[in-house]
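Read the structure below first, then the notes.
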Amino acid sequence: MATAALPEGPYEAESAPPGRSTSNAAMLQTIEFVDSLRGQGSENLGLDLRDLGIVLHLVRNHVSGRLTTMACLAAASGLSYGTAFRAIEGLIGSGLIVRRPRTATGRSFSLHPSSELLRRWQLFAGHTRRLIEQIASDVSQAVRKPAADMAAVIAPPTVLENKLALPRGLRLLVHADPTFMAMNALKRQFEMILGVPIQSKALSIDRLWAEIVQNGQRPVSAYDIIACDLPWFGDMVGRNRLRPLDDLIAGSEMDMADFLPDAVVSARRRGRQYGIPLLSTAELLAYRTDLLDDAGLAPPRTTVETLAVARALHAPERGRFGIAWNGGRGTALGHTFMVAMAAHGQPIVNLGQTADGFLPEDMTEDHLRPMFDSEAAHAAADYLTELLAVSPPDILSMTWYDRARAYASGHTSLAYAHTLLVTLFESDPASPAYRKTGYVPQPIGLGGRPISPLGGYALALPSNIAPERVAPAWAALAALTSASAAKLFMTNGSLASPRFSVNRDPEVQALSPVIGVVDAIARKGVLRAWPRPPVPGISALIAIAGEEIHDMLSGLKTRAVALATAQNRAEAVMRGLDRD
């Protein structure tokens, strides 16, 4: 059978149907992209394209924390010096560039993008990314975000008009967690924004408490701003360690309504505000969606269901356990027991009841009565005892980071988790839980209702801060807690903003599904402060719970003895308090 002769060369073939040249298509696509980009630059930036080099260099230096002078900006513009200087002066005159004095004489100054320029740049950058996505997908009908969605995007923080008058720089005392680590990573940028060097000391939770106490005993504070865990405010205010902020808030443009209400209330005492929320976390139950789906299980909503799901997925022979939680002696287990009591419908002290829960603050002496002798405390102790059988072997030494790591590594199917640390699996494609995690509020027991305990930190001014440092320290605090700063933290490793506007920013929501979950439960009134109430003596109660319940879980004491001892110890502590 004769076979058709093969072509001798690439061009010896029958004519193919005419088609569109690939190179021409790519060229046309590039032309359309550049043309669209030029239009967006004109529409969103409102600039002559001649000025684009100036803006690019200025914004690049701003986000990198590098100083920009008139000479270096002119040199980077690509224009002749005379033309560049006239263009820069024009941008200063139109309010798009801020000229900030570098010295007391004002003869030397630095240049920075104004808030308006950063707002325009954010819109331009958003539209540019849409165009790039459209070309990358090669889909002409690519979905574009509506203009209203783009308008919700928060621009980067701009510089203060004047450098802070803080000799030796700004001194911070903070907690060693992802938000404060993001702040440290952005140190150069914030030094540019504030105009002063930043010295920051980051400590673990117990060491932070001790340092705040020690600092309060000094004649003059060693710090300008301190980070305070939300439940600590009752104790810290009662011991006169914090300065009230009401006069400073009244003289500022700070929008307190943008913060989660319970976060604001947690940093308040007797009607006075002592802290501004910097980060807010929710205590949720995280679960592996793939494992539950394979087993035909629904996400647990009660403590009984949680135990059942944990037992069904407990497979120690395969290196996977049912659930991770804080079982470490002391503060870690104390927090676990406190929120477990709340899930059973009772705060750790006898707070006054409201229609939807409890008051987050003590109003009478009876409200400070410890509740280790309550039915909820007994039920919480029994629940933790049952969890032992479906937990990793090292559960009684596990703390916040350990439980998140255990879940992120695939060693547990469920985990109690603060949203502060979900980046360990939400941002790590190597984690078995990456994009396979669902969240529900605290599973409830007894007469409890769905709640998610509010956690987090607020920034405060120490009561013994030097008077001349109060105003600049407040300006720094306001800048660090602004919506633009909160977004910057979120996009650099934190997933814990206390602001509604930031949590609704489309670029922030795209970081992780947990952000939308927290925003939704906050708006529904599920994210509450009363499970970790900011009352005097709370740290002592947490420590007592963490010791006595650990003895119970270790088999050293019975439930009855552990809770009775905890009640007696707690009553002695609370009786000795000097109430403010």
Side-chain angles (χ1 to χ4, degrees), residues 95 98 100-101 112-119 154-167 169-174 179-180 183 186 189-196 198 221 223-228 230 233 236-237 241-280 456-490 497-505:
V98 173
R100 187 169 72 180
H112 309 271
S114 69
S115 57
E116 173 60 19
L117 179 54
L118 288 173
R119 184 192 68 79
I154 297 168
T158 188
V159 298
L160 302 183
E161 289 188 10
N162 295 294
K163 300 168 76 171
L164 295 179
L166 287 173
L170 179 69
R171 301 169 299 190
L172 305 176
L173 176 63
V174 300
T179 295
F180 292 108
M183 182 187 294
L186 296 162
Q189 187 169 350
F190 278 105
E191 287 180 334
M192 178 70 71
I193 290 167
L194 303 176
V196 294
I198 296 175
S221 173
Y223 308 99
D224 300 303
I225 298 174
I226 57 178
C228 191
L230 294 181
F233 275 88
M236 295 301 177
V237 172
R241 295 187 179 114
L242 304 179
R243 182 196 189 280
L245 304 176
D246 303 86
D247 59 327
L248 300 170
I249 295 171
S252 73
E253 298 180 356
M254 184 173 288
D255 181 12
M256 297 299 290
D258 189 34
F259 293 97
L260 301 178
D262 275 42
V264 174
V265 169
S266 292
R268 185 181 296 161
R269 185 75 180 157
R270 298 287 186 262
R272 305 185 78 182
Q273 197 71 34
Y274 288 87
I276 304 298
L278 179 82
L279 67 98
S280 294
Y457 283 79
L459 296 186
L461 300 184
S463 58
N464 55 345
I465 184 174
E468 68 275 10
R469 298 180 75 90
V470 169
W474 166 251
L477 190 154
L480 292 171
T481 56
S482 66
S484 55
K487 179 180 176 179
L488 202 56
F489 300 145
M490 296 284 274
S497 169
R499 284 183 172 267
F500 287 118
S501 61
V502 176
N503 291 333
R504 299 189 71 181
D505 183 303

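Nothing fancy with the numbering, it's 1 onward along the sequence. Bear in mind that the values here come from a model prediction, so they are computed numbers and not experimental data.
Counting only residues at least two apart or in different chains, side-chain hydrogen bond (donor to acceptor under 3.5 Å, both in side chains) contacts with residues 254-264 comprise D258-R499, D258-S501, D262-R528. Applying the side-chain hydrogen bond (donor to acceptor under 3.5 Å, both in side chains) test to every pair with at least one member in residues 461-480, sequence neighbours left out, gives these pairs: D224-R469.
If you take CZ on F180 and CG on L480, they are separated by 9.5 Å, rounding to the nearest 0.5 Å. With rounding to the nearest 0.5 angstrom, the CE atom of M236 is 13.0 Å from the CZ atom of R269. I465 contributes atom CD1, which lies 8.5 Å from atom CZ of R243 (distance to the nearest 0.5 angstrom). One finds the CE atom of M183 at 8.0 Å from the CD1 atom of I198 (value rounded to the nearest 0.5 Å). To the nearest 0.5 Å, atom OG1 of residue T158 and atom CG of residue L117 are 8.5 Å apart. Residue L477 holds its CG atom at 4.5 Å from CD1 of I225, rounded to the nearest 0.5 Å.
The minimum heavy-atom distance linking F233 with A458 is given by the pair CZ-CB, 3.7 Å. Smallest separation of non-hydrogen atoms from M256 and I249: CG-CG2, 4.2 Å. Counting all heavy atoms, side chain and backbone alike, L164 lies closest to A475 at CD2-CB, 3.7 Å. Between A483 and V502, the shortest heavy-atom contact is O-CG2, 3.4 Å. Nearest approach of A263 to S280, heavy atoms of both residues: CB-OG, 3.6 Å. Closest approach of L461 and A473 over heavy atoms only: CD2-CB, 3.9 Å.
Partners of R268 according to the salt bridge (charged side-chain N to carboxylate O under 4.0 Å, His left out) rule, which considers only residues two or more places apart in sequence or in another chain, do not exist here.
Side-chain contact between F190 and L488: present, with at least one pair of heavy atoms (C-beta onward) separated by less than 4.5 Å. Between V174 and T179 the shortest side-chain heavy-atom distance does not fall below 4.5 Å. By the 4.5 Å heavy-atom criterion applied to side chains, M254 and T481 are counted as neighbours. Side-chain contact between R272 and V237 is absent, with no heavy atoms from C-beta onward closer than 4.5 Å. Looking at M490 and N503, their side chains come closer than 4.5 Å, going by heavy atoms from C-beta outward. R171 is not listed as a side-chain neighbour of L166, based on a closest heavy-atom distance of 4.5 Å or more. In this structure, the side chains of L242 and I226 come closer than 4.5 Å at one or more pairs of heavy atoms. Using a 4.5 Å cut-off on side-chain heavy atoms (C-beta onward), L260 and P277 make no contact.
In this structure, S497 contributes its side chain and K487 its backbone to no donor-acceptor pair below 3.5 Å. When atom types are taken as modelled, the side chain of Q273 and the backbone of L245 share no donor-acceptor pair closer than 3.5 angstrom.
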- Stepwise side-chain contact (heavy atoms from CB on, under 4.5 Å) check, R100 with L160: CA-CA 8 Å; R100 187 169 72 180; L160 302 183; 4.3 Å; yes
